[in-house]
Amino acid sequence: MSSRRTTGGRISEDEINELISKLQSLLPESRRRNMGRASAGKLLKETCSYIKSLKREVEDLSERLAALMSTMETDSPQAEIIRSLLR
Amino acid sequence: MHREISPGNPNPNPNPNSPMPGFCYFLHALARIQQDVAPQRSPGKKGRRIRRAAYASMAVAAAPRRMAWSRALLRRLRRRSASPRRKTITVTRKKTRTERQEDELRRLVPGGRRMDLCSLLEETGDYLQCLAAQVSLMQWVARSISE
């Protein structure tokens, strides 16, 4: 990664490393544990994997909410919950 | 969760990372989707509408922080028709594994292709937090209406 040219050429390796460790801290604990000795490459890989799993969760939850909402009758207590949260 | 607006605290939303704006947006969107009882809608369509609402609410929540990924995502959502992707093939030297990972990250983060590396890493961190918050929100809604 240090050999990668950047468009401006002004970004220092220190800054990159700082951003990388900050990114590492945003990964959930379980993923950080599996990483072992963190290298830039491993971190990028783990980050990509994490983003993909989060997007899958959004997808699954969307389907789940669609199913739950379809079984809700318009005057059910559940519908009331949603409405009351918007008041 | 609300604080008084005073000279000492001009920002009514004390935590700029709070999902509040996106939270309201998402619930409003869900209510709109629910009220739309057109029976001819295929069951898959509802799920897709909810997913779009999820990403829109994430982008809305991030808008005050002026994140590039948020603007890119909103642009993508506003494009009604799927515009064909420019498929420019550039021959480069064989990439290292790290460079391929970086390319993948650029594909995953909205607007990632246009960013310099530094911005990409910053935007990724923010995008991750918003995704995780949106997932929590949706889990909470699912729990609330299934109990």
Side-chain angles (χ1 to χ4, degrees), chain A residues 1-12 15-16 18-20 22-28 39-72 74 76-86, chain B residues 23-24 27-28 30-31 33-35 37 41 43-55 58 95-109 115-122 124-132 134-139 141-147:
Chain A
M1 207 170 185
S2 51
S3 60
R4 181 91 163 97
R5 57 108 191 100
T6 55
T7 44
R10 288 183 295 271
I11 302 158
S12 73
E15 280 178 302
I16 301 276
E18 198 183 310
L19 287 167
I20 285 177
K22 186 184 169 197
L23 201 52
Q24 188 176 4
S25 70
L26 291 173
L27 296 177
S39 66
K42 267 191 192 170
L43 181 80
L44 285 180
K45 184 179 173 189
E46 209 48 50
T47 304
C48 288
S49 158
Y50 185 41
I51 292 179
K52 285 193 278 197
S53 86
L54 284 172
K55 290 175 90 156
R56 266 195 308 272
E57 280 204 74
V58 171
E59 187 74 42
D60 292 344
L61 282 163
S62 297
E63 296 299 323
R64 176 137 176 257
L65 285 175
L68 283 170
M69 284 161 63
S70 293
T71 59
M72 273 166 64
T74 34
S76 69
Q78 292 91 344
E80 187 53 37
I81 291 175
I82 291 195
R83 274 193 290 267
S84 70
L85 287 165
L86 295 172
Chain B
F23 175 83
C24 293
L27 288 186
H28 273 290
L30 284 183
I33 293 170
Q34 181 68 345
Q35 280 155 22
V37 280
R41 291 213 188 273
K45 188 134 191 181
K46 204 170 200 174
R48 284 193 294 276
R49 287 183 73 187
I50 294 176
R51 197 196 65 214
R52 283 179 64 89
Y55 282 105
M58 277 176 56
K95 292 188 171 181
T96 66
R97 186 200 260 169
T98 309
E99 285 169 334
R100 285 200 303 273
Q101 288 294 345
E102 185 188 325
D103 285 349
E104 191 183 11
L105 186 60
R106 287 179 183 279
R107 281 194 297 273
L108 288 169
V109 175
M115 298 171 190
D116 62 68
L117 182 56
C118 202
S119 304
L120 176 65
L121 294 174
E122 284 178 328
T124 299
D126 193 82
Y127 184 54
L128 270 182
Q129 289 183 297
C130 281
L131 269 173
Q134 183 63 32
V135 164
S136 299
L137 172 58
M138 292 171 87
Q139 285 169 339
V141 175
R143 270 199 310 272
S144 304
I145 64 178
S146 62
E147 273 158 19

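Throughout, protein chains are lettered first and strands after them, A, B, ... in sequence-line order, and every chain is numbered starting at 1.
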Please classify the contact between Lys45(A) and chain B as side chain, backbone, both or neither, with a heavy-atom cut-off of under 4.5 Å. both
Is any side-chain heavy atom of Val141(B) closer than 4.5 Å to one of Leu68(A)? no
Quick one: does Glu102(B)'s side chain get under 4.5 Å of Leu120(B)'s, heavy atoms only? yes
Counting only heavy atoms closer than 4.5 Å, note whether Ala54(B) contacts chain A via side chain, backbone, both or neither. side chain
Measure Arg51(B) against the heavy atoms of chain A and call it side chain, backbone, both or neither at under 4.5 Å. both
Looking at chain B, which one of Thr47(A), Leu26(A), Leu65(A), Asp60(A) has the largest number of heavy-atom pairs inside 4.5 Å, strictly under? Leu65(A)
Kindly check if the number of other-residue, nucleotide or ligand heavy atoms within 6.0 Å of CD (Glu18(A)) is above 12? no
Those residues at least two apart in sequence (or on a different chain) that pass salt bridge (charged side-chain N to carboxylate O under 4.0 Å, His left out) with Glu46(A) are Arg31(A)
